[in-house]
Protein chains: 2
Amino acid sequence: MISSENINTHISEFDGIHRLALSVDCVILGYDEESLKVLLVECNTPPFVGKLSLLGELVNPDETLDEAAHRVLGIWTGQESLYLEEVRTFSNVDRHPLGRVITVAYYSLVEIDHFELSGMNKMNLKWVDVNSVGDLAFDHNKILNECLDSLQQRLREKPIGFNLLPEKFSLNQLQNLYEVVLGITLDKRNFRRKILSLDVLIDLGEMQQDVAHRPAKLYGFDHDKYAQNRSQGFKFEI
Amino acid sequence: MISSENINTHISEFDGIHRLALSVDCVILGYDEESLKVLLVECNTPPFVGKLSLLGELVNPDETLDEAAHRVLGIWTGQESLYLEEVRTFSNVDRHPLGRVITVAYYSLVEIDHFELSGMNKMNLKWVDVNSVGDLAFDHNKILNECLDSLQQRLREKPIGFNLLPEKFSLNQLQNLYEVVLGITLDKRNFRRKILSLDVLIDLGEMQQDVAHRPAKLYGFDHDKYAQNRSQGFKFEI
DNA sequence: ACAAAAGTGTTGATAATACACCCATGT
DNA sequence: ACATGGGTGTATTATCAACACTTTTGT
């Protein structure tokens with residue numbers, strides 16, 4: 001078929017055949033030193049009542065998708081400026097039982113005990129180990145899995161893992177995070193050499209307190225150093 | 001703000017405040033041994049009349065976004081099963097002068113002389129060197145640039161460049177493609193060693209014909225071998 | 001014979017891997 | 001003193017980067 005029509009030819013049909021709704025769904029991920037967890041909520045939409053689902057919202061006419069995703073984070077976590085990354089769209093025609101809803105999936109990395117689940121949220125929200133997630137509502141298992149794949153890939157090439165840790169962390173905490181999220185084991189000495197050679201950590205000159213073993217040195221992530229390195233063509237890669 | 005509302009609470013507002021339109025925009029890329037080119041069309045929407053734009057369409061209610069993108073390819077190239085990759089959404093509130101149109105950007109890799117631009121298309125369509133693209137309509141410069149960035153990244157880690165070449169190609173053609181798309185120069189001997197070691201090329205036992213120099217051996221991309229390697233954890237990386 | 005692009009190996013530098021013991025703290 | 005996790009170096013191997021000449025074809 002050859003045609004000279006295009007998107008603009010059809011713009012008047014907004015109210016007609018092209019009616020659909022757009023949502024964002026957020027895979028909010030946290031890390032508690034043992035496992036990677038995803039924040040889920042009990043679903044109240046038939047036929048999924050009782051199942052858990054990701055956190056999502058319809059997109060408002062006066063906001064971008066990034067803004068909508070940040071709004072979702074704000075609603076459920078009370079925080080605004082968390083790490084967010086768009087993954088991809090999910091647009092199967094029958095993915096939502098109540099109508100045509102196309103969704104854009106994001107994942108977010110949060111420090112899991114930065115906020116207490118409280119009030120109303122406490123009743124419906126759950127942190128669930130990503131390896132123990134059962135059947136979710138809608139196509140949310142698929143969305144979750146694709147977001148996790150995407151995270152694994154990006155974690156190896158961008159210094160984003162720090163978003164899951166407290167501001168001050170030990171090298172072993174960092175290594176453990178990589179091991180848990182990537183599902184691999186790493187050699188301690190090689191890992192330390194590698195991460196320090198990337199020159200994005202700042203030695204805080206502080207030590208862990210009140211631990212029942214030799215206290216570890218604490219480090220922070222140096223955004224400026226990373227930006228500087230990156231602008232000079234250095235690649236971050238684990 | 002704490003809330004127990006979610007996407008489903010608002011589902012009845014489809015016809016109200018959440019009205020918006022969704023489109024796909026395709027960055028269709030071709031390669032002619034000298035440069036990477038993008039397929040553009042003359043825009044007929046004020047205030048962009050006379051400018052060039054990417055190829056896009058509104059999404060129909062009965063199709064997925066991938067299907068919509070394939071439809072766009074079919075309309076303008078006459079071919080259906082070309083390489084397509086979703087990049088990301090563009091959702092600025094005022095990105096379209098006629099209303100709220102959120103778009104999902106795709107790029108596509110095509111063999112540039114697999115199809116002749118003909119008939120009506122001939123009048124409006126242009127292959128433009130990606131380095132000589134002027135001001136495009138809408139936010140299409142931004143979309144184009146992000147798709148090119150995404151392509152550069154993916155070209156290094158997935159064997160997708162072959163989609164831009166004829167089925168039978170020489171190693172020098174392939175090297176030249178990488179050099180043009182990535183904007184770098186590569187060492188001939190190192191490139192050959194590397195690409196052959198990846199074990200995804202099949203020596204066709206054929207030679208170039210009618211060239212005014214020593215004819216090159218022709219190779220093809222072996223999808224099966226690649227799939228096999230990948231399933232065994234091998235990484236493709238240039 | 002000449003022009004034009006195809007093809008081919010070696011060496012030195014750098015980065016990745018494998019591996020085992022002593023140290024500092026709290027109980 | 002013991003339990004717990006923190007911290008360190010070296011030798012081997014694999015990978016990457018730099019580099020120049022000969023070969024085959026058409027004109």
Side-chain angles (χ1 to χ4, degrees), chain A residues 31-35 155-157 165-166 168-180 182-220 229 232-238, chain B residues 31-35 155-157 165-166 168-180 182-220 229 232-238:
Chain A
Y31 167 76
D32 65 358
E33 311 268 310
E34 283 174 18
S35 63
L155 185 63
R156 288 183 161 278
E157 37 196 49
L165 291 176
K168 303 173 180 188
F169 51 85
S170 70
L171 294 184
N172 284 323
Q173 274 180 295
L174 186 58
Q175 177 181 343
N176 191 43
L177 164 65
Y178 276 92
E179 291 182 331
V180 166
L182 298 177
I184 58 179
T185 63
L186 295 165
D187 179 85
K188 204 200 312 194
R189 283 174 286 194
N190 294 339
F191 176 79
R192 292 158 100 90
R193 188 166 348 150
K194 179 74 162 280
I195 196 82
L196 291 173
S197 77
L198 294 175
D199 193 34
V200 296
L201 293 185
I202 170 171
D203 182 341
L204 297 171
E206 295 178 54
M207 297 295 213
Q208 287 180 328
Q209 302 289 335
D210 302 317
V211 286
H213 52 80
R214 176 174 173 177
K217 289 175 76 171
L218 293 178
Y219 290 83
N229 292 347
Q232 283 162 30
F234 280 56
K235 256 187 219 160
F236 180 96
E237 192 173 346
I238 296 285
Chain B
Y31 168 75
D32 65 358
E33 310 269 307
E34 283 173 17
S35 65
L155 186 63
R156 287 182 161 281
E157 39 198 45
L165 291 176
K168 302 174 179 187
F169 52 85
S170 71
L171 294 184
N172 285 324
Q173 274 181 294
L174 186 59
Q175 178 179 343
N176 190 44
L177 164 66
Y178 276 91
E179 291 181 331
V180 166
L182 298 176
I184 58 179
T185 62
L186 295 165
D187 180 85
K188 205 200 312 194
R189 283 173 287 193
N190 293 339
F191 176 79
R192 286 165 177 256
R193 195 183 3 252
K194 181 74 161 281
I195 197 81
L196 290 174
S197 77
L198 294 174
D199 194 32
V200 295
L201 293 185
I202 170 170
D203 183 341
L204 298 173
E206 294 179 53
M207 298 294 212
Q208 286 180 329
Q209 302 291 334
D210 304 315
V211 285
H213 53 78
R214 175 172 173 180
K217 287 173 78 170
L218 293 177
Y219 291 83
N229 292 346
Q232 281 163 31
F234 280 55
K235 256 188 220 157
F236 180 97
E237 192 173 345
I238 295 284

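Residue numbers begin at 1 in each chain, while the letters A, B, ... track the order of the sequences.
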- Item | Whichever of H213(B) and D187(A) has its nearest DNA chain C nucleotide further upstream toward 5' | H213(B)
- Looking only at side-chain N and O atoms, does N172(A) come under 4.0 Å of OP1 or OP2 in dG5(D)? no
- Spacing of K235(B) atom NZ relative to dT15(D) atom C1', expressed in whole Å: 14 Å
- Message: I need the CG-P distance between L186(A) and dC19(C), as an integer number of Å.
- Response: 15 Å
- Any pair with a residue in residues 184-197 of chain A that passes salt bridge (charged side-chain N to carboxylate O under 4.0 Å, His left out), sequence neighbours left out, goes on the list, sorted by first then second residue, please. none
- Item | Among dG7(C), dG9(D), dG9(C), the one nearest R189(B) by side-chain distance | dG9(C)
- Note on the structure: Between CG of L171(B) and P of dA5(C) the distance, given in whole Å, is 17 Å
- Residues at least two apart in sequence or cross-chain that pass side chain to side chain donor-acceptor pair (under 3.5 Å) with E157(B), listed by chain then number, are none
- Query: Is there a side chain to side chain contact (heavy atoms under 4.5 Å, CB included) between I195(B) and L201(B) once you walk through the steps?
  - Reply: CA-CA 8 Å; I195(B) 197 81; L201(B) 293 185; 3.9 Å; yes
- Task: Round to a whole Å and report the spacing from CD of E33(B) to P of dA5(C).
- Result: 12 Å
- May I have the distance from R156(B) (atom CZ) to dC16(D) (atom P), rounded to whole angstrom? 12 Å
- Item | Nearest-Å distance for atom pair CD/P, residues Q173(A) and dG7(D) | 11 Å
- Round to the nearest Å and state the distance from I238(A) atom CD1 to dA15(C) atom P. 15 Å
- Item | Nearest heavy-atom neighbours spanning L165(A) and L174(A) | CD1-CD1, 3.7 Å
- Counting side-chain heavy atoms from C-beta on, which of dT8(D), dG7(C), dC23(C) comes nearest to A216(B)? dG7(C)
- Query: For dG7(C), does either OP1 or OP2 sit under 4.0 Å from a side-chain N or O belonging to R192(B)?
  - Reply: yes
- Note on the structure: For Y31(B), the side chain to side chain donor-acceptor pair (under 3.5 Å) test, sequence neighbours excluded, returns N176(B)
- Of P215(B) and N190(A), whose nearest nucleotide on DNA chain C comes first from the 5' end? P215(B)
- Message: Among residues 193-212 of chain B, which ones have heavy-atom contacts with DNA chain D below 4.0 Å?
- Response: R193(B), V211(B), A212(B)
- Separation of dT15(D) P from F191(B) CZ (nearest whole Å): 18 Å
- Query: What residue pairs, at least two apart or across chains, pass salt bridge (charged side-chain N to carboxylate O under 4.0 Å, His left out) with a residue in residues 198-211 of chain B?
  - Reply: K168(B)-E206(B), D199(B)-K225(B), D203(B)-K217(B)
- Message: Once side chain to side chain donor-acceptor pair (under 3.5 Å) is applied, do any residues pair with Q209(A), and if so which ones, sequence neighbours excluded?
- Response: none
- Decide yes or no, distance alone: a donor-acceptor N/O pair under 3.5 angstrom between the base of dG7(C) and the side-chain of K188(B). yes
